[in-house]
Amino acid sequence: MINRVAAFLLFGVSLSVIAGPFSKAETQQPLRWNTGGSVSTTTYSELESFLVDGEVTDRALQDAIKMSGWTTEELRFGLNKTYAVDLAGVSRFLYSAAGEAFLEDQTRSYVPYWRQKATTAMALRAAIITDAKDGLISSIGIMKNLPVTFRLSDNGPTDGRQNVCAPDKVSGAQATSLLSWYVFLPACIKANSES
């Protein structure tokens, strides 16, 4: 009986260590925009309202949509689109050297609000893997599962441009906007996890 209790406790400790510091997901502020001297926040509910019924109630989101290079309908479709994935394949890719390099490259200007680059790859990986648990990933699912608030920053060491992972599919503003980056992120994760 004591061995079973000890094994159960050890299993619980193991799960908490594996989950790490980002085991709690679902930030309510997935998008913060840091431009010049101001910081604007787009909450998850404002983002969801846009994706569900096309209603834009947040000025920062409205500006981001206008500057994305996409129409409102294209963004709604792309951010809602789901991709079937294998959780093991996604995890294997994101924990590989190629996955680490991918995460670093993809989070050039989009970083956790408080810790900045120190936890970027770990936090984004956690959001992607959490979203992939049911075998499906989407942009909105990844945003919903961010364990911390992320911000788009255009000052300091970054220039506010994102490295969209499918450069051959975009041009102009589409190649550097955060919303465009989110549109392509799940497809790139799926493609990389299958190779």
Side-chain angles (χ1 to χ4, degrees), residues 25-85 90 102-113 120 123-124 127-128 130-132 134-146 148-155 158-194:
E26 298 189 20
T27 181
Q28 293 303 308
Q29 301 175 334
L31 300 173
R32 296 197 85 182
W33 317 89
N34 186 21
T35 54
S38 67
V39 176
S40 302
T41 301
T42 300
T43 64
Y44 180 77
S45 61
E46 290 166 334
L47 189 60
E48 190 176 44
S49 177
F50 165 64
L51 295 178
V52 170
D53 59 26
E55 183 180 345
V56 180
T57 58
D58 176 60
R59 184 174 152 198
L61 179 59
Q62 184 177 32
D63 290 343
I65 292 167
K66 285 180 186 174
M67 297 186 320
S68 71
W70 299 98
T71 67
T72 301
E73 292 76 26
E74 288 170 328
L75 281 175
R76 288 179 64 208
F77 175 79
L79 295 171
N80 277 313
K81 186 173 181 178
T82 59
Y83 297 83
V85 294
V90 169
F102 174 84
L103 291 170
E104 286 298 320
D105 183 57
Q106 292 301 300
T107 54
R108 179 173 166 183
S109 298
Y110 189 51
V111 297
Y113 188 71
T120 303
L124 183 58
I128 294 167
T130 301
D131 189 38
D134 63 356
L136 299 171
I137 59 171
S138 66
S139 301
I140 189 64
I142 293 169
M143 282 186 239
K144 182 177 184 178
N145 286 293
L146 286 171
V148 295
T149 299
F150 268 62
R151 70 174 174 155
L152 181 66
S153 177
D154 72 352
N155 56 15
T158 62
D159 61 6
R161 296 172 182 260
Q162 283 297 101
N163 287 335
V164 174
C165 61
D168 57 323
K169 307 235 187 276
V170 293
S171 62
Q174 297 170 347
T176 58
S177 91
L178 178 64
L179 294 178
S180 187
W181 175 78
Y182 260 121
V183 165
F184 286 97
L185 182 63
C188 291
I189 296 294
K190 176 180 174 62
N192 282 301
S193 68
E194 292 175 345

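One-based numbering along the sequence shown. For the numbers below, each heavy atom of this structure counts, side chains included, while hydrogens, waters and symmetry mates do not.
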With sequence neighbours left out, what residues match [X] under side chain to side chain donor-acceptor pair (under 3.5 Å)?
X      : value
Glu46  : Thr43
Asp105 : Asn163
Gln62  : none
Ser171 : none

Could you tell me which residues satisfy side chain to side chain contact (heavy atoms under 4.5 Å, CB included) with Thr82, sequence neighbours excluded, listed by chain and number?
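Thr82 satisfies side chain to side chain contact (heavy atoms under 4.5 Å, CB included) with Ser138 once adjacent residues are dropped.
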
Residues that Asp168 engages under side chain to side chain contact (heavy atoms under 4.5 Å, CB included), provided they are two or more places apart
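Applying side chain to side chain contact (heavy atoms under 4.5 Å, CB included) to Asp168 gives Ala166.
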
Taking side chain as C-beta onward, heavy atoms only, is [X] less than 4.5 Å from [Y]?
X      : Y      : result
Tyr44  : Ile140 : yes
Phe77  : Val183 : no
Leu179 : Leu61  : yes
Ile65  : Phe50  : yes

Which atom of [X] lies closest to which atom of [Y], heavy atoms considered:
X      : Y      : value
Leu75  : Ser68  : CD1-OG, 3.4 Å
Phe150 : Leu124 : CZ-N, 4.1 Å
Ala175 : Val170 : CA-CG2, 3.5 Å
Phe184 : Cys165 : O-SG, 3.5 Å

Spell out, as yes or no, whether a donor-acceptor pair under 3.5 Å connects the side chain of [X] to the backbone of [Y].
X      : Y      : result
Gln174 : Gly69  : yes
Ser139 : Tyr182 : yes
Trp181 : Gln106 : yes

Rounded to the nearest 0.5 Å, how far apart are [atom1] of [X] and [atom2] of [Y]?
X     : Y      : atom1 : atom2 : result
Leu79 : Glu48  : CG    : CD    : 12.5 Å
Thr42 : Met143 : OG1   : CE    : 10.0 Å
Lys66 : Thr72  : NZ    : OG1   : 9.5 Å
Leu47 : Asp58  : CG    : CG    : 9.0 Å

Take Asn80 and Val52 through the side-chain contact (heavy atoms from CB on, under 4.5 Å) test and state the conclusion after the steps.
CA-CA 9 Å; Asn80 277 313; Val52 170; over 6 Å; no

Residue pairs, two or more places apart or on separate chains, that pass salt bridge (Lys or Arg N to Asp or Glu O under 4.0 Å) and touch residues 182-194
Lys190-Glu194

Could you check Val85, Asn145, Ile189, Leu146 and say which one makes a side-chain contact (heavy atoms from CB on, under 4.5 Å) with Ile128?
Ile189

By ring-ring contact (aromatic ring centres under 6.0 Å, His included) - contacts of Phe102 (at least two apart):
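ring-ring contact (aromatic ring centres under 6.0 Å, His included) list for Phe102, sorted by chain: Phe93.
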
